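Quick caveat: nothing in here was measured; it's all calculated off a predicted structure.
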Amino acid sequence: MAESTLTPSLRQGLNPRQAETVERLLVAGEAELDEVGPDALTIRTVAQRAGVSPATAYTYLASKHHLFAELFWRRLVTDPGPEPTGATATDRIQTFTRHMARMLGRSPHLATAANLALLGTDPEVERLRLVIGAEFVQRFRDAIGDPVDPRVLEALTFAFSGALLQAGMGLVTYDELSKRLDDVVAVIMEGHA
């Protein structure tokens, strides 16, 4: 397994055998999530699917919310989407936000689980929330290019995070999210492109 698909806190100090166990747990967790959804999933059922004991699973995963956050991180890393293209920063940012909306729309259980997890207080999730947030900020920064107005970067990050939460609550579909984010990005970037 590529080291980059594990968050730094999960991969820290793992030998190859342990990394393989974590990989099995993540693959099993994703399959279980797709099959039963976030409410019915338990670490015990993920461990059974992965062929390890629940105690072993809990060695690497503090809770199911930790698993959900890890799966969301993994999806961000393994499905980064196309390189942001376009003549303007607005076009490049919209490339990223459209991809995220499509990606989450294809994985509704993961989207729901990530929303549940990232709002939690589990210490492992708190660390992942920072890693994931930093990834979003970096992707916006890359799409904008130099120079980056920190206020614009913050507005984009706030709008994007809020939009993901709105979709996670079912107030908009991921198809609608993509279209609405196009408008929000255009408004934020007006005069900054």
Side-chain angles (χ1 to χ4, degrees), residues 5-12 22 25-47 54 57-81 93 96-141 150-151 153-181 183-185 188:
T5 62
L6 294 177
T7 57
S9 63
L10 188 58
R11 81 167 166 252
Q12 203 165 26
V22 170
L25 285 166
L26 293 175
V27 168
E30 190 165 11
E32 187 77 4
L33 181 59
D34 286 343
E35 189 174 304
V36 303
D39 291 335
L41 180 145
T42 67
I43 295 296
R44 182 174 295 283
T45 59
V46 169
Y58 278 112
T59 300
Y60 303 106
L61 300 167
S63 65
K64 75 179 189 177
H65 286 171
H66 180 203
L67 170 65
F68 296 158
E70 287 288 349
L71 291 173
F72 185 67
W73 168 253
R74 179 182 175 108
R75 184 66 56 90
L76 283 175
V77 172
T78 60
D79 186 7
I93 294 164
F96 165 63
T97 58
R98 286 177 194 145
H99 169 71
M100 287 297 299
R102 280 191 306 271
M103 179 188 75
L104 293 171
R106 287 189 309 265
S107 303
H109 285 314
L110 177 61
T112 299
N115 267 314
L116 291 170
L118 294 174
L119 294 173
T121 59
D122 180 322
E124 291 299 321
V125 172
E126 288 178 4
R127 282 190 273 285
L128 281 162
R129 189 169 36 239
L130 295 175
V131 170
I132 291 165
E135 181 69 18
F136 289 157
V137 169
Q138 187 59 50
R139 290 191 188 185
F140 283 126
R141 185 183 309 276
R151 296 169 304 162
L153 191 58
E154 185 173 52
L156 287 166
T157 304
F158 278 10
F160 181 68
S161 298
L164 292 180
L165 184 59
Q166 294 282 309
M169 292 187 308
L171 300 175
V172 296
T173 67
Y174 286 98
D175 282 340
E176 293 169 332
L177 179 69
S178 182
K179 294 171 189 138
R180 289 174 123 178
L181 276 170
D183 292 339
V184 169
V185 168
I188 291 171

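E176 pairs by the side chain to side chain contact (heavy atoms under 4.5 Å, CB included) definition with V172, T173, not counting sequence neighbours. For A155, the side chain to side chain contact (heavy atoms under 4.5 Å, CB included) criterion is met by I188, not counting sequence neighbours. Scored by the side-chain hydrogen bond (donor to acceptor under 3.5 Å, both in side chains) test, Q166 finds no partners at all (sequence neighbours excluded). Annotation: side chain to side chain contact (heavy atoms under 4.5 Å, CB included) contacts of E35 (sequence neighbours excluded): R49. Partners of R98 according to the salt bridge (charged side-chain N to carboxylate O under 4.0 Å, His left out) rule, which considers only residues two or more places apart in sequence or in another chain, are D182. For S63, the side chain to side chain contact (heavy atoms under 4.5 Å, CB included) criterion is met by H65, H66, D122, not counting sequence neighbours. Listed by chain and residue number, nothing satisfies the side-chain hydrogen bond (donor to acceptor under 3.5 Å, both in side chains) test with E154 (two or more places apart in sequence, or in another chain). Annotation: ring pair (Phe, Tyr, Trp, His ring centres under 6.0 Å) contacts of F72 (sequence neighbours excluded): none. For T157, there are no side-chain hydrogen bond (donor to acceptor under 3.5 Å, both in side chains) partners, not counting sequence neighbours.
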Worksheet item: Would L181 and M100 satisfy side chain to side chain contact (heavy atoms under 4.5 Å, CB included), going step by step from the backbone distance to the final call?
Response: CA-CA 11 Å; L181 276 170; M100 287 297 299; over 6 Å; no
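Relative ring orientation between F140 and F160 is described as perpendicular, the plane-to-plane angle rising above 60° on a 0-90° scale split at 30° and 60°.
For R74 and E70, the salt-bridge test fails: no basic side-chain N is under 4.0 Å from an acidic carboxylate O.
You'll find the side chain of L119 reaches within 4.5 Å of the side chain of L165, heavy atoms only. Between L67 and L26 the shortest side-chain heavy-atom distance falls below 4.5 Å. For the pair E32 and T42, the minimum side-chain heavy-atom distance is 4.5 Å or more. Using a 4.5 Å heavy-atom cutoff, the side chains of L164 and F136 are in contact.
The structure places CG of L156 at 9.0 Å from OG1 of T97, a figure rounded to the nearest 0.5 Å. With rounding to the nearest 0.5 Å, the separation of CG in L41 from CG in D34 is 10.5 Å. Once rounded to the nearest 0.5 Å, the distance linking CD of E124 with CZ of R127 reads 4.0 Å. Separation of atoms CG (L71) and CG (L33) is listed at 6.5 Å; rounding is to 0.5 Å.
The minimum heavy-atom distance linking A101 with Y174 is given by the pair O-CB, 3.5 Å. Of all heavy-atom pairs between L25 and A47, the closest is CD2-CA, 4.2 Å. Closest approach of L76 and M103 over heavy atoms only: CD2-CE, 4.4 Å. Residues A117 and A69 share a closest heavy-atom pair of CB-N, 4.1 Å. Between G120 and E126 the shortest heavy-atom distance is O-CG, 4.5 Å.
In the displayed structure, R129 atom CZ is contacted under 6.0 Å by more than 12 heavy atoms of other residues, nucleotides or ligands.
Applying the side-chain hydrogen bond (donor to acceptor under 3.5 Å, both in side chains) definition to pairs two or more places apart or across chains, those involving residues 104-119 are R75-S107, D79-R106.
Judged by distance alone, the side chain of K64 and the main-chain N or O of A40 form no donor-acceptor pair under 3.5 Å.
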